A.B. asks: 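One structure coming up, written as structure tokens, with questions to follow.
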Protein chains: 2
Amino acid sequence: MIDDPAIRAGGESNGERERRPRRRSGGVTLREVARLAGVAMITASRAINTPDQVSAATLARVREAVETTGYVPNMLAGGLASTRSRLIAAVVPTIVGPVFLETIQSLTESLAAAGYQLMLGQSGYDGSREDALLDAIIGRRPDGIILTGIMHSEEGRRRLLASGIPVIETWDLTPNPIDMLIGFSHEKIGPAVVEHLLARGRRHLAALTADDERALRRKSGFVDAARAKGLTSSGLDGLPTGIVRAPTTLGSGRTGLIDLLARHPDIDAIFCSSDLLALGVLIEAQMQGIPVPRRLAVVGFGDLAFARDLNPALTTVRIDGTSIGRLAARLIVDRAEGRPVNDRVVDVGFSIIPRAST
Amino acid sequence: MIDDPAIRAGGESNGERERRPRRRSGGVTLREVARLAGVAMITASRAINTPDQVSAATLARVREAVETTGYVPNMLAGGLASTRSRLIAAVVPTIVGPVFLETIQSLTESLAAAGYQLMLGQSGYDGSREDALLDAIIGRRPDGIILTGIMHSEEGRRRLLASGIPVIETWDLTPNPIDMLIGFSHEKIGPAVVEHLLARGRRHLAALTADDERALRRKSGFVDAARAKGLTSSGLDGLPTGIVRAPTTLGSGRTGLIDLLARHPDIDAIFCSSDLLALGVLIEAQMQGIPVPRRLAVVGFGDLAFARDLNPALTTVRIDGTSIGRLAARLIVDRAEGRPVNDRVVDVGFSIIPRAST
DNA sequence: CGCAGTTACGGTAGCGCTACCATATTCAAC
DNA sequence: GTTGAATATGGTAGCGCTACCGTAACTGCG
């Protein structure tokens, strides 16, 4: 080889063996900033990350150097050195389908305010990509993982536990959380809705729900509570129910109502597993000339922005998604910064927003 | 300095000077895997990242070692060493407001399939947090940045350019993109909608739009095209228009229609800047007993899932958000992997979906 | 058989940053 | 003055991985 180190070294100084160069990221590094400010790298680092550990004069000089060079710290390097990536991962079944949006929104904002960035992953409604996604996430060494309304495999649980990364499960209340939990009881929603409908004089209840796990549990709570009150449809053990494919659409609300009415013409109240379904029911009812709420009461779930503006305004179950996101951010950040977290399980509850549709 | 390396070194060799330990991430490292497989670290690395560069036997041994240890590569370290983070950043004004969801969804999926992860940032509709967000993003050294329908400050442009990170701007067509561009012309949508409405015999057009930048440009195209066709409302230079605050809601659609009708009772067609607005218009029209489309034609924008299921089904302008996301992923990944990208500006166009509301 | 080209693998030195230790200096306390 | 603690700064060795450069063994070819 002509590329003999000795020959190459000759050019350098006298004996000085030539170090091979390496592709660099191209940007300004902390070394450069430190040199410009006339301090050691570590001091420059402190000036940037823990400003109150350096003197005012030094701080000013470092700040100026940062300014003139346009230095942006490489957080990959910082994360590697400190084992704190300042990345938080959030997993949702799917981002279309507006249920988790509020949560993601407030999560992103709260995290950004604390200097953290959100990584987003979609597991698919059937959790198909969940395990592969988990590896991709754990590989990035996030400081926390937020699971949004998700059923995880045993294998997934193990990997999460083994990774040692703080985990928050949300939008549900499981008996044995992996780590932390912020959610509410889907089972308890059903009875509350039954209560509400009974109070409004309804006796022939029905449910229209998506076939996803949590919606089905809400439905079960509803059906069981109705049965406990002695409300069973003629010839049925439980209640008239319609099941539609998740994610729910307005269209499936319309066909769902048609189907339910065909089988049970006497129903006078429907609990839908999403506001979108409820909107479909409202529209179909109106087309068929069925007055809401006079002949048919409709309850949704989610309290999406449009619910209050419908005609009639939609009675629905409200989950404070914004609180969930904000709280999740706080817990995760507290954990990441080593502050103690006392409430590892938080039930944010739900509320029924009574409006004109019931 | 007393901290002379020679002195310390002396202590080391005979007196076994204790090397200070350092907190480690706690997990299994590649070194461990390599040791178990009986190969060098670099070979283990190749077995994992470029499997066809190692022999079948070695590959199997490394795979087994990975299996038994539960090794998950630290991509922070990998990213630092290779200057390829395999992170892609996406910036949206806000995630609530369903317009960009399809794009984010397909983006996330396409990127995941290629081994990349999405970082999400929200700039706020007014771009207030944009500059701070940009630093947070650039600091993570993503392999690409996707700007979703965003107006960026000059300062932001500079920082992006200086960072050297590939950038894709989407949902718009600007004359001088920062880098790459996938979008469509908001201006051209207006004339197309005017065409459509004229063909359906409408003569008294109106617009109801949000006050965000792009919606206003769609409106301008609409108004200008109408004026060019000689369609001006009595006593007006242009067309009756209503402006509502972004983000749009169903409620603002309702009040918008009330307001427009009060000022211009003779209008027979409304172009709304979002499907949500259009839904509000439909609902309000129905409340007031105004038959759609007989007396009033309604056109939306976005073709959200519910548009086809409304009654009457909503005529709307469709943007293929899924394509935008998929294409953006491809361009970014191609750039990241060093493949040539020939079409740096792509116009994905739009289409008018004629339905019963016009 | 010699030579080049290919395939498989390894040693080493970073990527850019921060944890860990250390030193120098200052100021209050005794 | 000595001691102790707090403040301000610096040197160095990694964090866990891959780029760069090797070497050795094997192949095909004249």
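Every chain is numbered from 1, with letters handed out A, B, ... down the list of sequences. Keep in mind the model is a prediction, meaning the values are calculated, not measured.
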A.B. asks: Please list all pairs passing the side-chain hydrogen bond (donor to acceptor under 3.5 Å, both in side chains) test where one or both residues lie in residues 29-45 of chain A, with sequence neighbours left out.
C.D. replies: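 Every pair satisfying side-chain hydrogen bond (donor to acceptor under 3.5 Å, both in side chains) with a residue in residues 29-45 of chain A: A:Glu32-A:Arg35, A:Ser45-A:Asn49.
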
A.B. asks: Ignoring the backbone of A:Ala81, work out which of D:dG16, D:dC17, C:dC17 is nearest its side chain.
C.D. replies: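 Per side-chain heavy atoms of A:Ala81, the pick is C:dC17.
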
A.B. asks: Considering residues at least two apart in sequence or located in another chain, which fulfil the salt bridge (charged side-chain N to carboxylate O under 4.0 Å, His left out) criterion with B:Arg46?
C.D. replies: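 B:Arg46: no salt bridge (charged side-chain N to carboxylate O under 4.0 Å, His left out) contacts found.
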
A.B. asks: Which sits closer to the 5' end of DNA chain D, B:Gly79 or A:Ala56, going by the nucleotide each is nearest to?
C.D. replies: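 Here A:Ala56 is the residue nearer the 5' end.
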
A.B. asks: Taking atom P of D:dT18 as reference, at what distance in whole Å does atom CZ of B:Arg86 sit?
C.D. replies: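 Computing the B:Arg86:CZ to D:dT18:P distance gives 10 Å.
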
A.B. asks: In whole angstrom, give the distance that lies between atom CE of B:Met75 and atom C1' of D:dG16.
C.D. replies: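 Rounded to whole Å, this separation is 13 Å.
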
A.B. asks: Which residues in residues 41-55 of chain A have a heavy atom closer than 4.0 Å to any atom of DNA chain C?
C.D. replies: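 Output list: A:Met41, A:Ile42, A:Ser45, A:Asn49.
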
A.B. asks: Please name all residues satisfying side-chain hydrogen bond (donor to acceptor under 3.5 Å, both in side chains) with B:Glu109, sequence neighbours left out, ordered by chain then number.
C.D. replies: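 Residues passing side-chain hydrogen bond (donor to acceptor under 3.5 Å, both in side chains) with B:Glu109: B:Gln105.
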
A.B. asks: Hey, can you pull the residues of residues 132-140 of chain A with a non-hydrogen atom under 4.0 angstrom from DNA chain D?
C.D. replies: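 Going residue by residue through residues 132-140 of chain A, none turns out to have a heavy atom under 4.0 Å of DNA chain D.
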
A.B. asks: Show every side-chain hydrogen bond (donor to acceptor under 3.5 Å, both in side chains) that has at least one partner inside residues 60-81 of chain A, sequence neighbours left out.
C.D. replies: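 Listed once each, the pairs would be none.
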
A.B. asks: Please state how far atom CZ in A:Arg84 lies from atom P in C:dT18, giving the value in whole angstrom units.
C.D. replies: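 After rounding, the reported distance stands at 11 Å.
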
A.B. asks: If you round to the nearest 0.5 Å, how far is CD1 of A:Ile178 from CD1 of A:Ile168?
C.D. replies: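 Reported value, rounded in 0.5 Å steps: 11.5 Å.
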
A.B. asks: Only distances under 3.5 Å count here; give the side-chain donor-acceptor pairs of residues 322-333 of chain B to other protein atoms, sequence neighbours excluded, each with its distance to 0.1 Å.
C.D. replies:
| from | atom 1 | to | atom 2 | distance (Å) |
| --- | --- | --- | --- | --- |
| B:Thr322 | OG1 | B:Glu102 | OE1 | 3.1 |
| B:Ser323 | OG | B:Asp320 | OD1 | 3.4 |
| B:Ser323 | OG | B:Asp320 | OD2 | 2.6 |

A.B. asks: Would you kindly compare B:Thr58 and B:Arg141 by the position of their nearest DNA chain C nucleotide and give the one closer to the 5′ end?
C.D. replies: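 So the residue in question is B:Thr58.
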
A.B. asks: Keeping the roles fixed (side chain from A:Gln117, backbone from B:Ala136), state whether a donor-acceptor pair exists under 3.5 Å.
C.D. replies: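 No: the side chain of A:Gln117 does not pair with the backbone of B:Ala136.
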
A.B. asks: Residues two or more places apart in sequence or in another chain: which of them pass salt bridge (charged side-chain N to carboxylate O under 4.0 Å, His left out) with B:Asp343?
C.D. replies: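 Expected list: none.
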
A.B. asks: Who are the salt bridge (charged side-chain N to carboxylate O under 4.0 Å, His left out) partners of B:Asp143, not counting sequence neighbours?
C.D. replies: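 For B:Asp143 there are no salt bridge (charged side-chain N to carboxylate O under 4.0 Å, His left out) partners, ignoring immediate neighbours.
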
A.B. asks: If a pair satisfies salt bridge (Lys or Arg N to Asp or Glu O under 4.0 Å) and one of its residues is in residues 75-93 of chain B, list it, with sequence neighbours excluded.
C.D. replies: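 Residue pairs with at least one partner in residues 75-93 of chain B: B:Arg84-B:Glu337.
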
A.B. asks: To the nearest Å, how far apart are B:Leu76 CG and C:dT18 P?
C.D. replies: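 After rounding, the gap between these two atoms is 13 Å.
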
A.B. asks: C:dA13 P sits how many Å from B:Leu80 CG, rounded?
C.D. replies: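 Going from B:Leu80 (CG) to C:dA13 (P), I get 18 Å.
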
A.B. asks: With sequence neighbours left out, write down each residue that passes salt bridge (charged side-chain N to carboxylate O under 4.0 Å, His left out) with A:Asp135, or none if nothing qualifies.
C.D. replies: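 Here the qualifying residues are A:Arg159.
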
A.B. asks: Would you kindly give the CG-to-P distance between B:Leu30 and D:dC15, to the nearest whole Å?
C.D. replies: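 Rounded to the whole Å, the gap is 13 Å.
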
A.B. asks: Choose from C:dC17, D:dC17, C:dG10 the nucleotide whose nearest atom is closest to any side-chain atom of B:Ala40.
C.D. replies: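 Minimum distance to the B:Ala40 side chain belongs to C:dG10.
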
A.B. asks: Compute the angle between the rotation axes at the two ends of the helix from C:dC1-D:dG30 to C:dC30-D:dG1, each taken over five pairs, rounded to 10 degrees.
C.D. replies: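 Between the axes fitted at each end of the helix from C:dC1-D:dG30 to C:dC30-D:dG1 lies an angle of 40°.
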
